[in-house]
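Report on the following structure.
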Amino acid sequence: MYSVFVVDDEPIVLEGIRSKIDWESSGFTLVGEASDGEIALSMLQELKPDILITDIKMPFMDGLQLSQAVKRIQPWIKIIILSGHDEFDYAKRAISIGIEDYLLKPFTLEEILASLKKTALQIDSERKQLSDIRKLKDELKSSQSLKKKEFLNNLIHGSQDMASLIQKSQEVGLHLISRFYKVLVSRIKSSSDNAQSQQQACSLLNSYSADWEEADCFFHHSNLFVCIFKGSSQNELDECVFHAAETIGHIVGKNDDCTVLTAIGKTVEHLSQLAISYGDAKRILELGENESRNRIISSDDLTQDGSFLNSALLDLKENDPVVDRLKYAGKNDISAIIEESMQLIKNNPGQFNVFASYILVDLIFAVSKLVEKLGGDIKLLKPEILQRRFIDDAVQNEEAFRQNVEQVLLFALDYRDSKASGKYADVILKAKRFIDEHYADQNTTLTTVADAVALSPNHFSTIFSQECKTTFIEYLTSVRLENAKRLMRDTEMKGYDIAYECGFSDPHYFSYIFKKNTGLSPREYKMTVTP
């Protein structure tokens with residue numbers, strides 16, 4: 001079976017493709033759908049489909065922008081473009097991106113199926129090549145490949161003088177002269193210690209990386225993947241390296257048994273200094289020897305003594321979901337936390353006091369752990385919330401419960417912000433504050449927030465998703481939706497006004513996203529919260 005994901009902002013097209021194709025008997029399975037490219041991009045990273053069918057004209061991110069991003073980050077995904085625009089320029093741009101097929105609207109289901117089957121044959125052909133592990137072995141045995149690997153290996157270990165480097169780089173067909181350099185090293189491991197599984201993941205990575213123009217890559221040992229990147233500016237180099245690091249994670253992630261730790265060395269300005277960048281990356285791998293999840297770690301994450309950059313906030317690993325959430329929650333999250341608590345209470349009618357007491361005690365316990373980890377004492381800072389009377393008064397009714405939960409959460413976030421230190425803590429908290437203040441602006445994007453925290457978009461995206469356990473787009477959308485819910489509860493504003501007020505440029509898209517996330521349309525939701 002081949003997995004398929006569909007993106008189109010026309011509900012009738014999505015409905016037609018979803019319901020009128022006999023997926024089970026066709027040999028394909030529909031794994032997801034979206035109405036715009038920006039939402040689709042985050043979903044594609046999770047679902048990892050074989051084939052993407054996408055419209056060209058869509059809000060936020062169009063089909064060509066989506067295809068370009070997908071081909072860069074998840075190059076194995078085959079793309080079929082749908083368009084109502086019979087214009088050569090669209091076709092030319094689509095072909096340059098590397099899409100597999102281009103269908104003009106209106107199209108028939110037979111045409112869609114024919115395109116899917118043609119694309120499936122392409123996938124079969126590539127899978128046959130990629131599954132042949134001997135291809136990697138044969139390549140390593142070839143004379144030119146061995147010479148190139150030996151040269152690059154000597155280069156990162158600093159074992160040759162500059163004159164020899166230039167001469168030998170020409171002999172093996174490499175062009176290394178650039179303004180800045182950076183070394184990336186990825187360690188691929190099988191979670192079950194399955195050597196064949198690990199080798200398959202390495203073979204897949206080796207095949208895709210062979211086409212990377214921005215880097216010279218080779219395997220140093222069976223599971224250490226080394227890339228030397230070049231760039232004319234530090235920003236360009238950072239963008240390129242973090243794109244590649246994310247791509248490596250996606251490629252290895254195709255194999256559920258394998259994990260990858262990618263280490264990024266510091267930027268250097270001379271070929272002779274590549275050994276320094278490589279040494280940084282190797283030190284990161286050594287420090288992360290016991291890391292069992294996919295991670296990207298830069299040399300910027302190391303302190304001067306060579307250990308991981310840390311802070312009390314970042315070191316909070318209590319295996320408590322409430323504590324974990326409080327690490328980076330913004331004040332805009334308070335409403336969502338309260339509503340989730342109220343939903344749990346409403347699911348157990350007639351037991352308000354019991355469940356409200358349980359939830360509040362659990363929250364106070366989590367806040368106490370957070371404060372203690374940051375060097376404070378809850379008994380001195382907020383002793384009243386530890387009294388039985390506080391709990392009893394707080395669970396008298398819904399209004400009192402909401403007010404007291406909000407009071408505890410505000411205290412926790414204010415105290416956390418006053419004590420948090422460390423590069424990532426500052427970055428995440430600053431980013432969330434920026435989002436809290438600018439979510440209503442339709443121009444608030446990954447790029448604008450990354451600019452606000454002085455990081456490249458790719459570096460910021462990686463940090464945000466790793467630390468917050470959600471993608472930037474998903475977080476921004478959740479903030480906008482929580483504020484939309486607040487306006488529905490507290491005002492008489494119309495649905496389309498709320499959409500614009502919360503940063504959505506299209507009321508129809510807002511309704512779609514709202515129902516997808518809540519299970520209710522905006523109108524239905526307003527009826528449930530309005531007395």
State, to 0.1 Å, how close E214 and F229 come at their nearest heavy-atom pair, and which atoms those are. O-CD2, 3.7 Å
Taking atom types as modelled, find out whether S115 and D101 have a side-chain donor-acceptor pair closer than 3.5 angstrom. yes
State, yes or no, whether a side-chain contact exists between E340 and L344 at a heavy-atom distance under 4.5 Å. no
Would you check if N255 and L204 make a side-chain contact, meaning some heavy-atom pair closer than 4.5 Å? no
To the nearest 0.5 Å, tell me how far I498 CD1 sits from M488 CE. 4.5 Å
Can you give me the closest heavy-atom contact between I77 and E100, atom names plus distance? O-OE1, 4.3 Å
Point-to-point distance, once rounded to the nearest 0.5 Å, from OH of Y208 to CD1 of I251: 7.0 Å
Can you confirm whether K78 sits close enough to D50 that some side-chain heavy atom of one is under 4.5 Å from a side-chain heavy atom of the other? no
For N294 and T259, run side-chain hydrogen bond (donor to acceptor under 3.5 Å, both in side chains): C-alpha distance rounded to whole Å, both residues' side-chain angles, the deciding distance at 0.1 Å, then the answer. CA-CA 5 Å; N294 292 336; T259 60; 4.7 Å; no
One should read off an interatomic distance between N483 CG and S478 OG, to the nearest 0.5 angstrom, of 9.5 Å
Identify the heavy atoms of Y439 and R486 that sit nearest to each other, and give their distance. OH-NH2, 3.4 Å
Evaluate whether atom NZ of K516 has more than 12 neighbouring non-hydrogen atoms of other residues, nucleotides or ligands under 6.0 angstrom away. yes
Flag, side chain of T29 to backbone of S3, donor-acceptor distance under 3.5 Å: no
Nearest 0.5 angstrom please: I188 CD1 to S190 OG, how far? 12.0 Å
Minimum heavy-atom distance E246-S461, with the two atoms named: OE2-OG, 3.8 Å
Taking atom CZ as the centre, does R18 end up with more than 12 heavy-atom neighbours from other residues, nucleotides or ligands that are less than 6.0 angstrom away? yes
Just say parallel, tilted or perpendicular for the rings of F219 and F225, cut-offs at 30° and 60°. tilted
Check whether any side-chain heavy atom of I21 sits under 4.5 Å from a side-chain heavy atom of F28, and report yes or no. no
Assess whether a salt bridge exists between E339 and K485, defined as any Lys/Arg side-chain N lying under 4.0 Å from an Asp/Glu carboxylate O. no
Verify, without hydrogens or angle tests, whether T528 (side chain) and Y525 (backbone) share a donor-acceptor contact under 3.5 angstrom. yes
Flag, side chain of T262 to backbone of S186, donor-acceptor distance under 3.5 Å: no
Less than 4.5 Å apart, side chain to side chain, heavy atoms only: is that true for S222 and Q199? no
W212 vs C227, test: side chain to side chain contact (heavy atoms under 4.5 Å, CB included). Steps then yes/no. CA-CA 10 Å; W212 292 357; C227 297; 4.1 Å; yes
Would L455 and V427 count as a side chain to side chain contact (heavy atoms under 4.5 Å, CB included) if you check the C-alpha gap in whole Å, the side-chain angles of each, and the deciding distance to 0.1 Å? CA-CA 9 Å; L455 287 177; V427 165; 3.9 Å; yes
Closest approach of L47 and G32, non-hydrogen atoms and distance? CD1-CA, 4.3 Å
For L66 and L52: C-alpha separation, side-chain torsions, deciding distance, then whether side chain to side chain contact (heavy atoms under 4.5 Å, CB included) applies. CA-CA 10 Å; L66 173 62; L52 166 65; 4.1 Å; yes
Interatomic distance, CD@E482 vs CD1@I334, rounded to 0.5 Å, equals 12.0 Å
Under 4.0 Å between a Lys/Arg side-chain N and an Asp/Glu carboxylate O for D216 and K230? yes
side-chain hydrogen bond (donor to acceptor under 3.5 Å, both in side chains) assessment of T267 paired with K182: CA-CA 5 Å; T267 301; K182 216 176 196 37; 2.7 Å; yes
Heavy-atom neighbours of D256 CG exceed 12 at 6.0 Å: no
Please lay out, stage by stage, how K105 and L82 fare under the test side chain to side chain contact (heavy atoms under 4.5 Å, CB included). CA-CA 7 Å; K105 295 180 179 180; L82 306 177; 4.1 Å; yes
With side chains defined as the heavy atoms from C-beta onward, is the minimum distance between I56 and Y102 less than 4.5 Å? yes
If you count the non-hydrogen atoms of other residues, nucleotides and ligands that lie under 6.0 Å from CG in L121, is the total more than 12? yes
Note, T444 side chain near R480 side chain (heavy atom, < 4.5 Å): yes
To the closest 0.5 Å, what do you measure between CD1 (I359) and CD1 (I337)? 12.0 Å
Tightest non-hydrogen contact, residues G63 and T54, listed as CA-OG1, 3.7 Å
In this structure, which one of Y500, Y496, F504 forms a ring-ring contact (aromatic ring centres under 6.0 Å, His included) with F510? F504
Near E501 CD, under 6.0 Å, is it more than 12 heavy atoms from other residues, nucleotides or ligands? no
Do K57 and D9 meet the salt-bridge criterion of a basic N to acidic O distance under 4.0 Å? no
Are E437 and R433 close enough for a salt bridge, meaning some N to O gap below 4.0 Å? no
Is the shortest heavy-atom distance from the side chain of H438 to the side chain of T448 under 4.5 Å? no
